[in-house]
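Below is one structure, written out as C-alpha cells; comments come after it.
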Amino acid sequence: MAPKAPLRLGGVVRPPGDKSISHRVLMLAALARGKSELSGLLTGDDVKSTARVLRQLGADISPIREGVVLVSSAPLTAHRAPLNCGNSGTSARLMLGILAGQRFAATLTGDASLRRRPMRRVTEPLKQMGADINERGDGLPLTIHGGRLRGLTYASPVASAQVKSAILFAALTGGVAVTIREPYRSRDHTERLFAYLGFDIHDRDGAIVFEPPIRPSAHPPINLSVPGDISSAAFLVAAAVLADGGELLIENVGVNPTRTGFIVVLERMGAHVERVNLRDEGGEPVADLVVRPAALKGTEVSAAEIPTLVDEVPMLAVLASRATGETVFREVGELRVKESNRLELMADNLRAVGAKAEVQGNDLHVEGNQSAPRGKVETAKDHRLAMAFAVLGTVEGADVKLSERKSVAISYPGFFDDLGKTGARRTAHGAR
Ligand code: S3P
C-alpha cells in the first residue's frame, strides 16, 4: 500500500444531543402539565425508544428530529401490548421508575441485547418501595404493577445513574421521599433537572435526598435546549488527538464534571483539550472544545473514575493502544453488562488489530504500540465499539474492518458524516 500523506484534521463539528439528558427531559416533559418545547434532543434510536414508550402510555410527542420537539402531556394510561425499549437500557430502567408510581400494570421488553441486561439492580429497590414486579429472571421481559409507594433509604451496590434515576423517578411519580447512596458518584443529570424544575433535591453527607412535591408530577412544562453529548464528542476528540496535525473545534459539548472523566484521563495521558466559551444550559455546564494531536503515554484509570467515563472506555482503550507504555482500567466489570460484553470484546478486538490487551479479573490492561492497526473487528452491533474502532481506522496505514457500522444510529446517527467532515481518513470500512 502506498504511504499516506500526514493527516491534518480541521474544521468545526457539533456532536448530537446528550443521550442521557434527552431521555430524562422527554420523560419529565411527559409527566409535566402543559406543552413542553425541547430542542437539541438526540435523534438516535435509543431516544426514539423512550418517545415510543411514552406515546404508548398516552403522551403526545412530535417526531424526534433536530430542532424543536413538542411534548403535550396527559396523565399516563395503561397500554395493553408490551412496551418495547429497543436497545436502550436507560429507557427500560428509568421507565420502570416512572411505572412504579402508576396505578396500572405494564410489561417492558427490548431487543436481544437489552433482554440480556440485568434489571434486578432496579427492580430490587422498586420492590422495596412497594411496586409489584413479576420477573422471570434478572432481565426483560417483566411486568410491573405500580401503585401506592413508600419512601426508601437505599445504598446502591453499583455506581449506576440508571439505578439512582429509577428510584428518583419512582419517588417523583409516587410522591414519596428517598435517600440514595452510591459507591461512587454517577452522572447527576436527573438531580440537576429536578433542581432546575424547582424540586427539593439536595446532598446530605454524600447521600442524595429527594423530597418530592406534595402533588406528584404536577410540575410545569419544560423549555430546554439539550447540550451536545460528551460521550459522542469523545470520538471526535480522539480522532483529533490521533491525527498528525491540525486543530478541531467541537461545539456545544456538555462538560458536567460527572461526565468529563474522558478528558481528565486523556490530559493525564498527555493531550490537551481546551474548553472555551463556558456557559450554562438548563442547569448543565456547556463548552466548546479545541483539540490538537498529541503523543500519549499510558496511565492507570481508577475505580472511582470509571463512572465519569463509563461509556468512553472503548475509545480510551483504543487510544491506550496508541500510547507508549501500559494503561490499566481498574474495576470495569460493569462493561460486561453494557450493550455488549464490552470488556471481553475490547480486549479481543484490540488483539484482532494487532495490539496487546488482556482482561485480568475485572481490570482491563492495554499495552500501546505504534504499528499500523490491521484486522477485523466484531462490533456485536454495539455502537460504541463500532465508533471507537472506526476512529482507530483513521490512523496512518490502518486497515480496520468493522463487522457492521449501522449500530452508530443508536447514539450518533451522523457519526460517519461528522468524522468525514473533520478530514479524517476513511479506512475503517464495513457493511453499512
Ligand atoms: C446512563 C448511565 C450509564 C451509561 C448509559 C447511560 C444514564 O449506565 O452507561 O449509557 O443515562 O443514566 P449505568 O447507570 O448502568 O452505569
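As a basis for the values below, the full set of heavy atoms in this structure was taken, side chains included, without hydrogen atoms, waters or symmetry mates. Counting starts at 1 for both ligands and their atoms, following the listed order.
- Here S231 contributes atom OG and K19 contributes atom NZ; the two are 8.0 Å apart, rounded to the nearest 0.5 Å.
- The contact set between ligand 1 and S20, taken as ligand atoms under 4.0 Å from a residue heavy atom, comprises 1 (C), 6 (C), 7 (C), 11 (O).
- At a heavy-atom distance under 4.0 Å, no atom of H23 approaches ligand 1.
- The heavy atom nearest to atom 12 (O) of ligand 1, out of those in K19, K338, R24, is found in R24.
- Of all protein heavy atoms, the one lying nearest to atom 10 (O) of ligand 1 is D311 OD2, 2.8 Å.
- Not a single N or O atom of R187, backbone or side chain, sits closer than 3.5 Å to an N or O atom of ligand 1.
- Between A161 and ligand 1, at least one pair of N/O atoms sits closer than 3.5 Å.
- Not one N or O of R384 is nearer than 3.5 Å to an N or O of ligand 1, by distance alone.
- A donor-acceptor pair is defined here as one N or O able to donate and one able to accept, closer than 3.5 Å; no such pair exists between the side chain of H189 and the backbone of S20.
- A donor-acceptor pair under 3.5 Å is formed between the side chain of R279 and the backbone N or O of N277.
- A cation-pi geometry, defined here as NZ or CZ lying under 6.0 Å from the six-membered ring centre and within 45° of its normal, holds between R405 and F416.
- No more than 12 heavy atoms of other residues, nucleotides or ligands sit less than 6.0 Å from atom CD of E66.
- In this structure, the side chain of D280 engages the main chain of G283 through a donor-acceptor pair within 3.5 Å.
- At a 3.5 angstrom cut-off on N or O pairs, E334 does not count as close to ligand 1.
- By the 3.5 Å distance cut-off applied to N or O atoms, E339 is not counted among the residues near ligand 1.
- A 4.5 Å side-chain heavy-atom check between N87 and S49 finds every atom pair outside the cut-off.
- Note that CG of D18 is 4.5 Å distant from CZ of R259, once rounded to the nearest 0.5 Å.
- From the protein, the heavy atom lying nearest to atom 15 (O) of ligand 1 is S160 OG, 3.2 Å.
- Protein heavy atom in closest approach to atom 1 (C) of ligand 1: Q162 NE2, 3.5 Å.
- Close approach of ligand 1 to V310 (heavy-atom distance below 4.0 Å) involves ligand atoms 9 (O).
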